[in-house]
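For reference, the structure is listed below as structure tokens.
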Amino acid sequence: MTSPKPSILIIGAGLSGATLAERYASAGAQVLVLDKRPHLAGNCYDHLDQSTGIRVSNYGAHLFHTNSQEVWDYVQTFAKWTPYEHRVLVKVGEQLLNLPINLNAVNKFFGVELKNAAEMRAFLAKKTRAIKKVQSSQDYVLSVIGKELYEAIFENYTQKQWALDPSELDAAVIKRNPVRFNRDNRYFTDRYQALPVGGFENLVGQMLNHQNITLQLETDFFTWRTKHDLSQFDKIFYTGAIDQYFDYAFGHLEYRSLDFHFERHEQEFYQEAGAVNYPSLDYPFTRIVEYKHFYPPTKKIQATIISKEFPTWDGEPYYPVPRARNHQLLQKYQQAAKKLEPEGIYFLGRLGTYRYINMDQAIAEALQLFTKLNKK
Ligand SMILES: Cc1cc2nc3c(=O)[nH]c(=O)nc-3n(C[C@H](O)[C@H](O)[C@H](O)COP(=O)(O)OP(=O)(O)OC[C@H]3O[C@@H](n4cnc5c(N)ncnc54)[C@H](O)[C@@H]3O)c2cc1C
């Protein structure tokens, strides 16, 4: 007996593609998922380092956090979760300060003993300047915490990470982790913060583990489509780069990438927190991530794995660069993509929409799209 033809084609086995695949498969559709990489889970992919038993992310640290009850309930179906609250420090001279900047960080940096939000506001008010229309990251930082912290933490970091002056970078980038007027040292404040047992490798594996789903890895859609008839599919969901789909007709959208240099160190821990940022130009990397903090091994071991992150323009497209040139190009691509919807072709996910989205957003948007397209 031949198997029924798939009616849904999904390009990309990351969280966006996997969520739609799972929803359609569970609703009875036949789903074909293609991914050009040799593994599933997209950028969330991680693996267990065999020599230490430490779980390591291949494309940068991935920490799950959400305020969405719907997303939280959904991900419970596929894996057990272990609580994890992320902490990030920033190295300024010999000091390690909390990120986001909070009452503790301001006290340490300025050597003061402010006690509460009111005192912190009054203290910073003397250092900041009012900016009528906050547009850039520079505007935001200068207007909220002032020049000294801006220069110590944000100015060079932005140059290193984005190769842009903070005055050119949208305020939205820095506002993802706004300044806090309390002592909350956590990086995220979401209601649910956890990691899937067995990693994102297992989570996405379980999502795609359905008899109606066929997964084809190491398959580039653009090569594959030269040999296959797309009209056999009722719907196509594309989570690859939107400009590539249109053969860069309006120009290339810019992405910042990262080179990860992994190192093993023979000591229990390398640093105090899961991530330490290095804004100073004395260091060529921006951040050191230590994976052991995320899934601590059950047995004490004198070994740990870190990765140093070196920003670059080449390599995997990680961060859409939020500046005017790219916004204008994106609008053109969005208009072209919209015209394909009547043919049943949809763009989603971080590459398909050219937006930095967190994992919970990727899942939420895929769930919403499924609901919208399948309203009775
Ligand atoms: C360095 C870094 C750290 C991050 N950390 C966090 C974090 O801590 N917490 C958080 O919530 N989010 C984090 N994110 C965001 C998170 O990675 C995304 O939310 C998530 O990956 C989005 O899933 P996606 O399926 O939309 O995209 P992706 O994971 O990128 O999946 C897209 C898939 O499509 C495939 N593909 C592309 N083109 C083709 C083609 N032509 N043919 C076939 N396949 C193709 C790709 O190979 C890829 O597997 C981070 C992102 C980065 C870059």
Side-chain angles (χ1 to χ4, degrees), residues 9-22 32-46 57-68 71-72 75 84-88 161 176-177 187-188 190 192-196 200-201 203-204 207-208 215-226 228 236-247 255-260 274-275 286-287 289 291 293-294 307 309-312 315-321 346-367 369:
L9 173 65
I10 296 180
I11 297 109
L15 275 175
S16 302
T19 304
L20 270 170
E22 184 282 321
L32 174 61
V33 182
L34 309 179
D35 203 298
K36 62 182 177 184
R37 289 175 173 169
H39 59 73
L40 43 68
N43 276 1
C44 313
Y45 181 70
D46 47 27
S57 307
N58 292 47
Y59 306 92
H62 273 75
L63 300 323
F64 188 85
H65 54 103
T66 189
N67 280 320
S68 161
V71 170
W72 181 242
V75 296
Y84 172 73
E85 289 186 336
H86 193 41
R87 277 204 66 196
V88 178
Q161 173 77 5
R176 268 186 225 137
N177 293 101
Y187 195 60
F188 305 114
D190 300 54
Y192 301 110
Q193 304 187 31
L195 293 169
F200 288 97
E201 178 194 17
L203 172 76
V204 179
M207 290 168 79
L208 294 174
L215 173 64
Q216 247 176 263
L217 296 173
E218 296 184 274
T219 306
D220 187 289
F221 168 65
F222 297 105
T223 314
W224 183 88
R225 78 171 172 186
T226 60
H228 293 84
I236 298 175
F237 297 97
Y238 175 81
T239 73
I242 189 167
D243 54 353
Q244 188 181 8
Y245 188 94
F246 295 102
D247 203 15
Y255 281 97
R256 242 357 222 164
S257 190
L258 293 171
D259 264 347
F260 298 103
T286 45
R287 188 159 72 158
V289 168
Y291 296 93
H293 290 275
F294 306 155
S307 70
E309 297 186 2
F310 295 80
T312 158
E316 289 289 334
Y318 287 134
Y319 298 106
V321 181
Y346 299 88
F347 291 72
L348 75 156
R350 86 193 167 84
L351 295 168
T353 63
Y354 190 69
R355 280 178 308 143
Y356 182 91
I357 51 171
N358 284 319
M359 294 185 279
D360 64 329
Q361 249 176 303
I363 295 170
E365 290 178 10
L367 290 175
L369 183 59

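For ligands, and for the atoms within them, numbers begin at 1 and follow the listed sequence.
Using a 4.0 Å cutoff on heavy atoms, Trp224 does not count as a contact of ligand 1. Under the 4.0 angstrom criterion for non-hydrogen atoms, Phe222 is in contact with ligand 1. For the pair Leu348 and ligand 1, no heavy-atom separation below 4.0 Å is found.
Among protein heavy atoms, atom 15 (C) of ligand 1 sits closest to Ile357 O, 3.3 Å. Of all protein heavy atoms, the one lying nearest to atom 43 (C) of ligand 1 is Lys36 N, 3.2 Å. Among all protein heavy atoms, the one lying closest to atom 51 (C) of ligand 1 is His62 NE2, 3.7 Å. Distance from atom 34 (O) of ligand 1 to its nearest protein heavy atom, with residue and atom name: Gly12 CA, 3.3 Å.
Nearest to atom 24 (P) of ligand 1 by heavy-atom distance, out of Gly349, Ala13, Ser16, is Ser16.
Looking at Asp35 next to ligand 1, an N or O pair under 3.5 Å apart turns up. Backbone and side-chain nitrogen or oxygen atoms of Arg350 are examined, and one is located within less than 3.5 angstrom of a nitrogen or oxygen of ligand 1. Looking at Tyr356 next to ligand 1, an N or O pair under 3.5 Å apart turns up.
Between the side chains of Ser307 and Tyr291, a donor-acceptor pair is found at a separation under 3.5 Å.
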